[in-house]
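Reading through the structure tokens given below for one structure.
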Amino acid sequence: MSEFTPLIKSHASARVRQLLASAELDRPPSGGKQRALEAVSAVEYRPSTTNFSGIALGTTVHRLIGAVTLYEGKGGPLRWIVRGGAVGVAVGGLLLATIVALRWLEADRSTAGTNLAAHVHEGAAAALTNSEALRRAQLELQAGRADAALELASEVLGRHGPSELQATLLKVKALIALGRVSEATEAAQPLLVDSSSVAGEVRELLSGATSGTPASTVR
Amino acid sequence: MDATLFMDDHLTEIAAMPPSEVSSKERIAALVRLHYDFVWRSLRRLGVRDGDADDAAQHVFLIAARKVEAIRPGCETSYLYQTALRIASDYRRSKKRRTEVDFLDQLDGPDPSDTCPSVDEMMDMRRARAKLDSILDSMPMDLRAVFVLHELDQTTMADIANLLDVPAGTVASRLRRARKLFVETVERHLGSAPLGDLLL
């Protein structure tokens, strides 16, 4: 016999075998099957899909109606006032949400382009580190957008950090590019205090600006 | 061909048809006709008492009726058995179990329509059945399911694995443990209870 021969055949004890044999008494009652058939025939058969979002929405609406009808009197006008108010609030909220969403989308699209001026105008430089802001300023200047470069450089200067000299140089260049030479000269003063290569470069730029060198040559 | 076998084959065919080929009503009716006895016996052997097993079996088929389209063709027996197992587990948790003494007090005596030749033998069988219930009630449900399927229903290990949707190794392991527990409990019960004298 294998390990799993049923105990009713294999167990040494007659007691165990008799206990197991008593299960022969397990017979369903007469009529049980018929009763089960009658029970299942009364079930309404529907496709077994479950609309969870519909259930959630329905439950919410049902609860809202329940909450609203708490205050209804016996056929009084209060019921209609309360319900109308609830509907009004719901519609108003929906409209407000739609307007906010549209405004947000509009704002998002307008800043999606390569022109960084809008970002700069909205203080987007605040979200950038100094080095990132200066890098962008350099790019803006090269792209011919001196006003944007000026904004970024000024932003960095306002932070009074270690990038101040670099920001000043960019600001000077941007001002020269914009034709604001006197302002450029004034802004350049901190850079002209020594005889470094930066100072030499600034002097050259200012000299060129004063003598009428086109702004487009400023990089 | 034997009429009963033919009918059974026909019902099996209907029960295993996909929803596109047979109506839900026909399919569930075929399931009831084919498997009612098995479901009833399984519930009984999983601890649902005689008087409650009929309702419990109906409950199994009502659950199946609501989900009949989701029952994969060929997996009907497994679905029904696992539903019966869940219902029996709930029953076990919620119903107060009668003691074996109470149960015996309610025995009316042999059923006159029974074909058992001896009244005394019949009474012995009923007492043994009550004892069996009491012993099986002490077993955890996962072991009990494997034990009754194998030892009482004579179901093969492979079929038990399919019914319970567990690996064959798990079935073997549970059966070993269930047997050990069963025999230990039998020896403990028969050694102490006065009813032990009634069993040889």
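Values below: every heavy atom of this structure, side chains too, minus hydrogens, waters and symmetry copies. Here is how names work: the chains are called A, B, and so on, in the same order as the sequence lines, proteins then strands, and each is numbered from 1.
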Item to complete: Taking only Lys NZ, Arg NE, NH1 and NH2, and the carboxylate oxygens of Asp or Glu, determine whether Arg27(A) and Asp37(B) approach each other closer than 4.0 Å.
Response: no
Worksheet item: Considering residues, nucleotides and ligands other than Glu186(A), do more than 12 of their heavy atoms fall under 6.0 Å from its CD?
Response: no
Worksheet item: At what distance, to the nearest 0.5 angstrom, does NE2 of His150(B) lie from CG of Leu7(A)?
Response: 8.5 Å
Worksheet item: For Ala29(B), is it the side chain, the backbone, both, or neither that has a heavy atom closer than 4.5 Å to a heavy atom of chain A?
Response: both
Worksheet entry | Close side-chain approach of Lys9(A) and Gln154(B), heavy atoms under 4.5 Å | yes
Worksheet entry | Main-chain N/O of Pro28(A) paired to Arg41(B) side chain as donor or acceptor, under 3.5 Å | no
Worksheet item: Under a 4.5 Å heavy-atom cut-off, does chain A meet the side chain of Val183(B), its backbone, both or neither?
Response: side chain
Worksheet, complete the sentence: Heavy-atom closest pair (Gln58(B) atom, Ala39(A) atom, distance to 0.1 Å) is OE1-CB, 3.6 Å
Discussion item. Need one label for Leu152(B): side chain, backbone, both or neither, based on atoms under 4.5 Å from any heavy atom in chain A.
Written reply: side chain
Worksheet entry | Contact origin within Ala21(A) toward chain B - heavy atom pairs under 4.5 Å | backbone
Fill in: Under 3.5 Å: donor-acceptor pair, side chain of Lys33(A), backbone of Val32(B)
no
Worksheet item: Looking at Val40(A), Ile8(A), Val16(A), which one has more heavy-atom pairs under 4.5 Å with chain B than the rest?
Response: Val40(A)
Worksheet item: Should we count NE2 of His11(A) as having more than 12 external heavy atoms under 6.0 Å?
Response: yes
Discussion item. I need the residue from Ala23(A), Ala36(A), Gly31(A), Ala42(A) with the largest number of non-hydrogen atom pairs under 4.5 Å to chain B.
Written reply: Ala23(A)
Discussion item. Distance check, rounded to the nearest 0.5 Å: Arg179(B) atom CZ versus Phe4(A) atom CZ?
Written reply: 6.5 Å
Discussion item. Rounded at 0.5 Å granularity, tell me how far NZ in Lys25(B) sits from CG in Leu37(A).
Written reply: 12.0 Å
Fill in: Approximate separation, where rounding is to 0.5 Å, of Ile135(B) CD1 and Leu19(A) CG
4.5 Å
Response to the item:
Under 4.5 Å to a heavy atom of chain A? For Ala172(B) that would be both
Worksheet item: Are Arg129(B) and Asp26(A) close enough, and set up right, to give a side-chain contact (heavy atoms from CB on, under 4.5 Å), and what steps lead you there?
Response: CA-CA 9 Å; Arg129(B) 187 64 188 86; Asp26(A) 297 341; 2.7 Å; yes
Worksheet item: Rounded to the nearest 0.5 Å, how far apart are OH of Tyr36(B) and CZ of Arg35(A)?
Response: 6.0 Å
Worksheet item: Looking at Val60(B), Leu31(B), Asp55(B), Leu132(B), which one has more heavy-atom pairs under 4.5 Å with chain A than the rest?
Response: Leu132(B)
Discussion item. Go through it in stages, so that I can follow the logic: the residues are Leu20(A) and Phe147(B), the test is side-chain contact (heavy atoms from CB on, under 4.5 Å), and I'd like the CA-CA distance, side-chain angles, deciding distance and then a yes or no.
Written reply: CA-CA 11 Å; Leu20(A) 293 168; Phe147(B) 185 85; 3.9 Å; yes
Worksheet item: In Å, rounded to the nearest 0.5 Å, how long is the span from CE of Met125(B) to CD of Glu24(A)?
Response: 6.5 Å
